[in-house]
Amino acid sequence: MIDIFVINLESSTERREHISNQMNALGVNYHFFSAVDGRKKPHPLFEMYNDKLSQLYRGKSLSRGQLGCYASHYLLWQKCVEAGKPIIVIEDDALIYPEAFMEFIKHAPILDARFECIRLFDNKRKSFNYTPVKELDKVAISKFSKGHMSTTGYFITPTAAEKLLKHSSTWYMAVDIYMDRFWVNEVECYGTSPACLTNDPIFDSEIGYSPKAKRSFLTRCKREWFNFTELVKRELHNLRFNIQNK
């Protein structure tokens with residue numbers, strides 16, 4: 001069975017128990033991965049963060065908690081490459097949909113090589129399109145026009161992990177937003193429909209965000225221009241994908 005890694009802060013015992021109860025009820029093997037707690041002390045990986053670029057493109061800084069989240073996923077991408085086989089990454093606030101999740105687990109070892117990374121959680125965008133490209137039993141793997149705005153749970157292969165590491169030499173946005181930039185990191189945006197899990201609403205985010213600062217007019221203009229260019233690049237990528245996969 002595919003290895004499942006659950007990201008968990010050692011201090012988050014309630015979350016640890018909650019996700020353990022779900023996993024144990026499903027009878028699946030899993031491993032806890034100690035999350036990087038950026039709020040306590042800097043991690044060597046934080047040197048990859050470029051606050052000037054974050055301010056330039058996003059008009060804000062990443063918090064220590066966001067950097068810790070990025071580092072945790074980054075380390076698991078490295079682990080995936082080192083293992084040379086696909087893994088599933090789940091955050092400890094996940095609420096699992098048993099039927100869909102177990103169906104995906106059953107098919108994961110025999111998926112086509114083109115499915116390098118598959119989001120297993122609900123897409124949190126206000127509007128998006130998705131097209132089923134492979135039917136399993138009651139779950140389909142679909143191509144999504146927009147990323148999911150989360151890293152709650154995903155299947156990832158060594159080839160996808162290598163690409164995410166390659167394009168992640170400089171950090172200037174949150175890890176979920178970075179993973180959503182499939183036109184940059186070369187990892188196509190696939191997900192399951194319906195989703196296999198979501199964020200459990202009983203838990204508040206542990207990441208912690210930088211306080212909102214008043215942005216200058218120039219900063220707002222730069223941010224809006226960056227967002228516009230991102231939209232254009234995303235739409236062009238999706239157009240090419242649709243043409244090539246007709």
Side-chain angles (χ1 to χ4, degrees), residues 48-62 66-67 69-70 73-74 77 89 91 111-134 139-157 159-199 207 209 215 218-246:
M48 302 175 77
Y49 173 58
N50 188 320
D51 189 61
K52 290 184 179 179
L53 288 181
S54 183
Q55 292 291 342
L56 176 63
Y57 295 124
R58 306 292 295 166
K60 57 185 177 182
S61 298
L62 294 184
Q66 287 175 304
L67 292 177
C69 182
Y70 203 133
H73 287 275
Y74 188 95
W77 301 339
V89 177
E91 295 179 340
L111 289 173
D112 301 345
R114 60 178 162 152
F115 300 122
E116 297 178 324
C117 183
I118 303 172
R119 276 78 164 175
L120 303 178
F121 48 90
D122 289 311
N123 194 312
K124 298 182 179 300
R125 300 280 181 179
K126 291 182 179 180
S127 63
F128 59 89
N129 298 314
Y130 66 93
T131 305
V133 293
K134 184 176 180 62
V139 173
I141 298 174
S142 300
K143 161 69 172 106
F144 283 75
S145 62
K146 296 179 183 179
H148 291 50
M149 293 183 69
S150 179
T151 49
T152 310
Y154 55 90
F155 163 92
I156 188 168
T157 65
T159 53
E162 286 181 344
K163 291 176 182 178
L164 292 176
L165 291 168
K166 171 186 172 184
H167 295 285
S168 196
S169 59
T170 302
W171 302 357
Y172 56 92
M173 55 181 62
V175 66
D176 58 331
I177 302 301
Y178 164 67
M179 289 186 71
D180 284 350
R181 301 179 75 214
F182 47 88
W183 58 94
V184 172
N185 58 43
E186 304 177 72
V187 179
E188 195 53 73
C189 189
Y190 292 110
T192 61
S193 52
C196 296
L197 49 89
T198 190
N199 299 92
I207 292 176
Y209 299 94
R215 301 185 180 108
L218 180 59
T219 297
R220 294 199 301 272
C221 288
K222 289 179 179 178
R223 184 173 185 271
E224 290 305 313
W225 175 250
F226 177 73
N227 289 340
F228 174 73
T229 59
E230 292 284 276
L231 184 152
V232 171
K233 292 173 184 177
R234 183 181 67 224
E235 293 306 312
L236 288 174
H237 176 98
N238 286 332
L239 179 61
R240 286 194 295 269
F241 178 92
N242 292 333
I243 291 173
Q244 293 169 2
N245 292 274
K246 276 188 175 180

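With values rounded to the nearest 0.5 angstrom, N245 atom CG is found 12.5 Å from R240 atom CZ. Atom OG1 of T219 sits about 11.5 Å away from atom CD of E224, to the nearest 0.5 Å. A distance of 6.0 Å separates OG in S169 from CE in M48, rounded to the nearest 0.5 Å. Separating the NZ atom in K163 from the CG atom in N185 is a distance of 9.0 Å, to the nearest 0.5 Å. A distance of 11.0 Å separates OG of S193 from CG of D122, quoted to the nearest 0.5 Å. In this structure, OG on S150 lies 9.0 Å from CG on D180, to the nearest 0.5 angstrom.
Side-chain contact between M179 and Y154 is present, with at least one heavy-atom pair separated by less than 4.5 Å. At least one side-chain heavy atom of I118 sits under 4.5 Å from a side-chain heavy atom of I141. Side-chain contact check for R58 versus N227: some heavy-atom pair is nearer than 4.5 Å. Two residues are said to be in side-chain contact when any heavy atoms from C-beta on lie closer than 4.5 Å; R181 and M173 meet this criterion. Contact annotation: the side chain of H237 approaches that of E188 to within less than 4.5 Å [non-hydrogen atoms, C-beta and beyond]. For the pair Y49 and S61, the minimum side-chain heavy-atom distance is below 4.5 Å.
Remark: side-chain polar atoms of R125 are paired, donor with acceptor, to backbone N or O of G147 under 3.5 angstrom. In this structure, R223 contributes its side chain and Y57 its backbone to no donor-acceptor pair below 3.5 Å. A donor-acceptor pair is defined here as one N or O able to donate and one able to accept, closer than 3.5 Å; no such pair exists between the side chain of N50 and the backbone of Y172. No donor-acceptor pair under 3.5 Å is formed between the side chain of T152 and the backbone N or O of E91. Within the 3.5 Å criterion, the main-chain N or O of R114 finds no donor-acceptor partner in the side chain of D112. Between the Y178 side chain and the L164 main chain, a donor and an acceptor come within less than 3.5 Å of each other. Between the side chain of K222 and the main chain of G59, no donor-acceptor pair closer than 3.5 Å is present.
For V187 against C117, the heavy-atom pair with the smallest separation is CG1-CB, 3.4 Å. Of all heavy-atom pairs between F182 and S145, the closest is CZ-O, 3.5 Å. The nearest pair of heavy atoms linking E186 to E116 is O-OE1, 4.0 Å. Closest approach of A174 and Q66 over heavy atoms only: CB-NE2, 4.1 Å. The minimum heavy-atom distance linking V175 with C69 is given by the pair CG1-SG, 3.9 Å.
Ring-plane geometry between Y130 and F144 is classed as parallel, the angle between the planes falling under 30 degrees on a 0 to 90 degree scale with a further cut at 60.
For the residue pair N199 and K124, a side-chain donor N or O sits within less than 3.5 Å of a side-chain acceptor on the partner.
Applying side chain to side chain donor-acceptor pair (under 3.5 Å) to K143 and the options N238, N242, T131 leaves one that passes, N238.
Seen from the ring of F115, K134 does not count as a face-on cation partner, given the 6.0 Å and 45° thresholds.
Salt bridge annotation for D176-R119: absent, with no cationic side-chain nitrogen under 4.0 angstrom from a carboxylate oxygen.
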